[in-house]
Amino acid sequence: MHRWSRLFIPTLREAPADAEVASHKFLLRSGYIRQLGAGIYSYLFLGQRSINKIVDIVRQEMDTIGQEFLLPTIHPAELWEESGRWTGMGQNMFRLQDRKGTWLCLGMTHEEVMTDLARKELRSYKQLPQIWYQIQTKFRDEPRPKAGLLRVRQFIMKDSYSFDIDAAGLDVSYTKHDQVYRNIFTRCGLSFVAVEADSGAMGGSQSQEFMVYTDAGEDLIVSCPNGDYAANLEKATSQLAPITELAPTGDGKPELVHTPGKASIADVAEFFQISPAQDIKTVAYMAEVRDGKKARWEPVVAFLRGDHSVNETKLAGLVKANELRPMVAEELEKYLSGPAGYLGPIGLKVAKSLHDGDVSVILDKSLEGRENMVAGANKLDYHFRNVTPGRDFTWTIAADIRNALEGEGCPVCGSPLKIGKAVEVGHIFKLGQRYTEGMGSRVLDPNGKEVIPTMGCYGIGIERILTASIEQNNDANGFWLPPAIAPFDVVVTITNASDQNLLAAGTGVAEALEAAGFDVLLDDRDERAGVKFKDADLVGIPYRINVGKKTAEGKVEMVTRGTASSEDIAIAEVANVMRVKTGR
RNA sequence: CGGGGAGUGGCUCAGCCUGGUAGAGCACCUGGUUCGGGACCAGGGGGUCGGAGGUUCGAAUCCUCUCUCCCCGACCA
């Protein structure tokens, strides 16, 4: 029996000034967490109980497809040097030295450790497939921790890794995770959506994120209201409405026009009396390309419609860049011979193929087939009109490199797309052979031939499930969690604990609920009823039973936090009503 | 890393500009009255004013350096 009077549940009447998003404020006010440093938090009694419930669900579901391990937090640097990520992870990795001066790091993910196990232990196709998982604290030195538990430097992650003999096997492991993840998030009571995700520079063929819509989220999700398409903005595509072509002027060839001071798309469009969609936007980058162990910077110039924006994730993936940064003035002069504001496609030394030494020119597909557009002339205060892609300039690659916009057509059905903010709670990812190949994992197939196992990796952010749930379920007075992940199913509030009859009745109700299998918090504190009601509303427990006024008549009041509805029920019926409400 | 903001009792904040014995509300302790939506009265405890250096007879307050935290951006398997 958990008696509130004996517990440490430090609720706050006011939120600390540091907290901005709802989940951060309420996690602090409800006494779930306390901050130790930037992105570093202690989980107190209520917080830990909720985390434990989430972990239990994750473990139960994962055990249906995999085996739980617990891997080291501290990893030798050599292991990460083998995979190339000791330098590749950059500043996000916490590093330390032991007394001998040997470099180590705190695990930010466990591909290396898992692959090390695999290469040492797995010898035969008969041992495959394997799905190994763990629930472990991860450390990432985020450049900017924020929003309470949403982006932190230390957090609990369920991460799993599959090893299969071939791509068909990986498909199976991946699909199993997809289903188990859906089970997990459903059991946690989250309203979530699975979206296509960018596979990142690490390669890999297929990737899906599990997202929860909330304004506190950091990702943008493009989705079709009909439900037949959903993708991260980093990956999303869309159908465009046709554009009416501009009529050519003069002899129809590119015509130089003096456009003094017209350096923005809006200014140019106004000057030429056209819409921004008739203008060619030029965006010039330097891309860091890794060639073996060496990295070098190459020029990349992107052309898009004036009303579109560059999707740097797509562009970086296309040109195989680790990093993109805008060109500085000297680089613009060197590669385009023009100043910012007047850049354009005509007269560039266009690379025939990527990385051949000339400027990689990437044409957004929306410009293919367009005619007589307006573009910068690579000369201060001048633009061209009558610019037609293909006739007047060439490119290295034409591809989709733009961000989809709200209202554009769904790529499947054409309906207007919506864009919303969301938090990523899970990610499943086909890794392929990047680690197994590089780190020398080999097994024999049925023909006795050596093959490289193929991997998948799959993550779930435990705290993010809690955070996302709070973001979905809160009001001015606090929040309410689904019973499956709440620290307690129900709080029994004795309105006047100094009344021995009420105390006895409340204790009896709590005992009956516990006997029925519910997690019960008995609020027996010697506080005024108002204080206890406020606290109960605050701390995320989905149901409250008031033992007070009507108890002499054999009744108590049951309050459902999420709907604020209440009903009087007979004391003897309390457990049954809870069973009905929770479906247990 | 760039830009902005903030460090004064557990929490929210005032005081700083214009230097002169550190304050309020909430929280906490004691006593009393109250007791179904964050009660009231009386008394009380608790603060190196983030840190270091400097200016000054005197620094929370002015100057220099520094640390930490928050927000926007960059970043992000």
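The shown structure was predicted, so the numbers you read here are calculated from the model rather than taken from an experiment. Just so you know, these numbers use all the heavy atoms, side chains as well, and skip hydrogens, waters and symmetry mates.
Here B:rG10 presents its P atom at 17 Å from CG of A:L44, a figure rounded to the nearest Å. Rounded to whole angstrom, the span from the CD atom of A:E527 across to the C1' atom of B:rC40 amounts to 15 Å. Between A:N496 atom CG and B:rC35 atom P there is a gap of 9 Å when expressed in whole angstrom units. Atom C1' of nucleotide B:rC75 and atom CE of A:M93 are separated by 16 Å, given to the nearest angstrom. For the pair A:D537 CG and B:rG37 P, the interatomic distance rounds to 12 Å; values are reported in whole Å. Rounded to a whole Å, the CD atom of A:E142 is 17 Å from the C1' atom of B:rC69. For the pair A:L150 CG and B:rC71 P, the computed distance is 11 Å after rounding to whole Å. Going from atom CZ of A:R153 over to atom C1' of B:rU68 covers 11 Å, rounded to whole Å.
Nearest to the side chain of A:N92, among B:rG36, B:rG37, B:rC76, sits B:rC76. If you check B:rG37, B:rC11, B:rC70 against the side chain of A:E14, the one that comes closest is B:rC11. In this structure, the nucleotide among B:rC69, B:rA39, B:rC75 sitting nearest to the side chain of A:E312 is B:rC75. Minimum atom distance to the side chain of A:R151 is reached by B:rC76, of the listed B:rA39, B:rC76, B:rG37. Of the candidate nucleotides B:rG37, B:rC71, B:rC11, B:rC71 has the atom lying nearest to any side-chain atom of A:R144. Comparing B:rC71, B:rG38, B:rC69 against the side chain of A:R13 picks out B:rG38 as the nearest. In the set B:rG36, B:rC35, B:rC69, B:rC35 carries the atom at the smallest distance from any side-chain atom of A:R528. Listed nucleotides B:rC35, B:rU12, B:rG38 differ in distance to A:L538; the shortest reach to its side chain belongs to B:rG38. For A:D18, whose side chain is taken as the heavy atoms from C-beta onward, the closest listed nucleotide among B:rC69, B:rG36, B:rU12 is B:rC69.
With a 3.5 Å ceiling on both atom-pair distances, B:rA27 lacks any Watson-Crick or G-U wobble partner. Using N1 to N3 plus N6-O4 or O6-N4 for Watson-Crick, or N1-O2 and O6-N3 for G-U wobble, each under 3.5 Å, B:rC1 pairs with B:rG73. Nucleotide B:rA6 forms a Watson-Crick or G-U wobble pair with B:rU68, both donor-acceptor distances falling under 3.5 Å. When both pairing distances are held under 3.5 Å, B:rC40 makes a Watson-Crick or G-U pair with B:rG32. When both distances must be under 3.5 Å, the Watson-Crick or G-U wobble mate of B:rA60 does not exist.
Take the nearest nucleotide of RNA chain B for A:D535 and for A:A15: the residue whose nucleotide is more 5' is A:A15. In terms of position on RNA chain B, the residue among A:L12 and A:C457 whose nearest nucleotide sits closer to the 5' end is A:L12.
The base of B:rG37 lies close enough to the side chain of A:R544 for a donor and an acceptor atom to sit less than 3.5 Å apart.
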Between A:N183 and A:Y181, is a side-chain hydrogen bond (donor to acceptor under 3.5 Å, both in side chains) present by the stated rule, with each step listed?
CA-CA 5 Å; A:N183 296 346; A:Y181 274 36; over 6 Å; no
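Relative orientation of the A:F488 and A:H2 rings is perpendicular, given thresholds of 30° and 60° on the angle between their planes. Using bins of under 30°, 30° to 60° and over 60° for the plane-to-plane angle, the ring pair A:W80/A:H75 lands in the parallel bin.
Counting only residues at least two apart or on different chains, the side chain to side chain donor-acceptor pair (under 3.5 Å) pairs with a member in residues 5-15 of chain A are A:S5-A:D524, A:T11-A:D535.
Side-chain contact between A:R182 and A:F210 is present, with heavy atoms from C-beta onward closer than 4.5 Å.
Exactly one residue among A:I545, A:L503, A:L513, A:I494 makes a side chain to side chain contact (heavy atoms under 4.5 Å, CB included) with A:L522. That residue is A:I494.
Using a 4.0 Å heavy-atom cutoff across all strands shown, A:A147 reaches sugar-phosphate atoms only and no base atom. A:P143 comes within 4.0 angstrom of a base, heavy atoms only. Across all strands shown, A:R34 has no heavy atoms under 4.0 Å from either base or sugar-phosphate atoms. Residue contacts shown for A:K146 are limited to sugar-phosphate atoms, with no base heavy atom under 4.0 Å away.
Counting only N and O atoms by type, the side chains of A:R85 and A:Y435 include a donor and acceptor under 3.5 Å apart.
Regarding contacts with the backbone of B:rC70, a side-chain N or O of A:Q35 is found under 4.0 angstrom from either OP1 or OP2.
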